[in-house]
Chemist: 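Before I ask anything, here is the structure I am working with.
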2 protein chains.
Amino acid sequence: MAASEIDHDAPTPVYRQIAALIIADIESGLLVVNRKIPSEAALVQRFGVARETARHAVGYLREEGYVFTVPQRGSYVADRSAKSK
Amino acid sequence: MAASEIDHDAPTPVYRQIAALIIADIESGLLVVNRKIPSEAALVQRFGVARETARHAVGYLREEGYVFTVPQRGSYVADRSAKSK
DNA sequence: TTATATTTGTCCGTATGTATG
DNA sequence: ACATACATACGGACAAATATA
């Protein structure tokens, strides 16, 4: 996993590409429920993007119900198995 | 490639001339599927035309199925090989 | 207690690109 | 050619809460 996975010229926005990669990590079991996902700073480092882009990706994951965020602590993988949506 | 390729006195509308040149770039492989075509601003600069003319050219390419446009991102070369039309 | 590092929250501004009038 | 608006992306800065030493 590196910045090489990100294509800035692709039709899909960068933040969505990052979100898709994190979702893949969740669904593959690499990221576990109630455990932290990489911090914004880590995503910045790992994908070579601006912090706002990393935040946008996490915000998207939160909107989609994949993660929940605890201020000043981090974002955690949500339990979607028992969720109605 | 420059403004010299455009003939304002020709029977063919300028936007169609520009579209033809972009189609030529697509068919020659210079522009690749799912990759961005030059932005409107770039076309304005390159062909020495008004922005609306550049937009008209892109709109024509879109109608003809040569490109698809993603709002706020850009226009991309479409994959016509597997298309029914 | 103090200090430092981490992490999210919230602003600022700049640039690009399309959408619309 | 101009103005406005929105979405995306980058860069920087500071605050607040938390964790650790």
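Values reported hereafter were calculated over all heavy atoms of this structure, with side chains retained and with hydrogens, waters and symmetry mates removed. Given the structure is predicted, the values throughout are model-derived calculations rather than measurements.
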Chemist: Using a 4.0 Å heavy-atom cut-off, does Val49(A) contact any base of the nucleic acid, only the sugar-phosphate backbone, or nothing at all?
Modeler: sugar-phosphate

Chemist: Is Tyr15(A) close enough to dA9(D) that one of its side-chain N or O atoms is under 4.0 Å from OP1 or OP2 there?
Modeler: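 Looking at the OP1 and OP2 atoms of dA9(D), neither is under 4.0 Å from any side-chain N or O of Tyr15(A).
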
Chemist: Quick one: Arg73(B) CZ to dC6(D) C1', roughly how many Å, whole number?
Modeler: 14 Å

Chemist: Does dT16(C) pair with anything, Watson-Crick or G-U wobble, both distances under 3.5 Å, and if so, with which nucleotide?
Modeler: dA7(D)

Chemist: Specify the separation, in whole Å, of atom OH of Tyr76(B) and atom P of dT8(D).
Modeler: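 These atoms are roughly 11 Å apart.
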
Chemist: Given that Ala50(B) and His8(A) both sit by DNA chain D, which one's nearest nucleotide is further toward the 5' end?
Modeler: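 Looking at DNA chain D, the more 5' nearest nucleotide goes with Ala50(B).
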
Chemist: How many whole angstroms separate atom CD of Gln45(A) from atom P of dA5(C)?
Modeler: 17 Å

Chemist: In this structure, which one of Asp25(B), Val32(B), Ile37(B) forms a side chain to side chain contact (heavy atoms under 4.5 Å, CB included) with Val77(B)?
Modeler: Ile37(B)

Chemist: Could one point to a donor on the side chain of Gln72(A) or the base of dT8(C) with an acceptor on the other under 3.5 Å away?
Modeler: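 Indeed, a donor on one side and an acceptor on the other fall under 3.5 Å apart.
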
Chemist: When you check the phosphate oxygens OP1 and OP2 of dT8(D), does a side-chain N or O of Arg16(A) lie under 4.0 Å from one of them?
Modeler: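 So the side chain of Arg16(A) is outside the cut-off, no N or O lying under 4.0 Å from OP1 or OP2 of dT8(D).
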
Chemist: Check whether the side chain of Arg51(A) and the base of dG9(C) form a donor-acceptor pair under 3.5 Å.
Modeler: yes

Chemist: When you measure from the side chain of Pro13(A), which nucleotide among dA19(C), dG17(C), dA9(D) comes out closest?
Modeler: dA9(D)

Chemist: Given side chain to side chain contact (heavy atoms under 4.5 Å, CB included), test Asp9(A) with Tyr76(B) step by step and report yes or no.
Modeler: CA-CA 9 Å; Asp9(A) 292 330; Tyr76(B) 300 78; 5.5 Å; no

Chemist: Report the distance from atom CG of Leu43(A) to atom C1' of dT8(C), rounded to the nearest whole Å.
Modeler: 13 Å

Chemist: Verify the contact: side-chain N or O of Arg55(B) to OP1 or OP2 of dT18(C), cut-off strictly under 4.0 Å; return yes or no.
Modeler: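 No, no such contact exists.
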
Chemist: Quick one: closest heavy-atom pair of Val14(B) and Thr53(B), and the distance?
Modeler: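 Answer, listing the atom of Val14(B) first, then Thr53(B): CG1-CG2, 3.9 Å.
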
Chemist: Using the side-chain heavy atoms of His56(A), tell me which of these nucleotides is nearest: dT8(C), dA19(D), dT8(D).
Modeler: dT8(D)

Chemist: To check you understand the geometry: which heavy-atom pair defines the closest contact between Ser75(A) and Val58(A), and what is its length?
Modeler: OG-CG1, 3.5 Å

Chemist: Within this structure, what is the OH-to-P distance between Tyr60(A) and dA7(D), rounded to whole angstrom?
Modeler: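 Atom-to-atom, Tyr60(A) to dA7(D), this comes out as 15 Å.
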
Chemist: Just to confirm, is there a sub-4.0 Å distance from OP1 or OP2 of dG17(C) to any side-chain nitrogen or oxygen of Ser39(B)?
Modeler: yes

Chemist: Output the rounded distance in Å from CD (Glu40(B)) to P (dT20(C)).
Modeler: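 Answer to the nearest Å: 11 Å.
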
Chemist: Could you report the tightest heavy-atom contact between Gln17(B) and Ala10(B), atom names first, then the distance?
Modeler: NE2-CB, 3.8 Å

Chemist: Mapping Glu52(A) and Glu52(B) onto DNA chain D by nearest heavy atom, which one lands closer to the 5' end?
Modeler: Glu52(B)

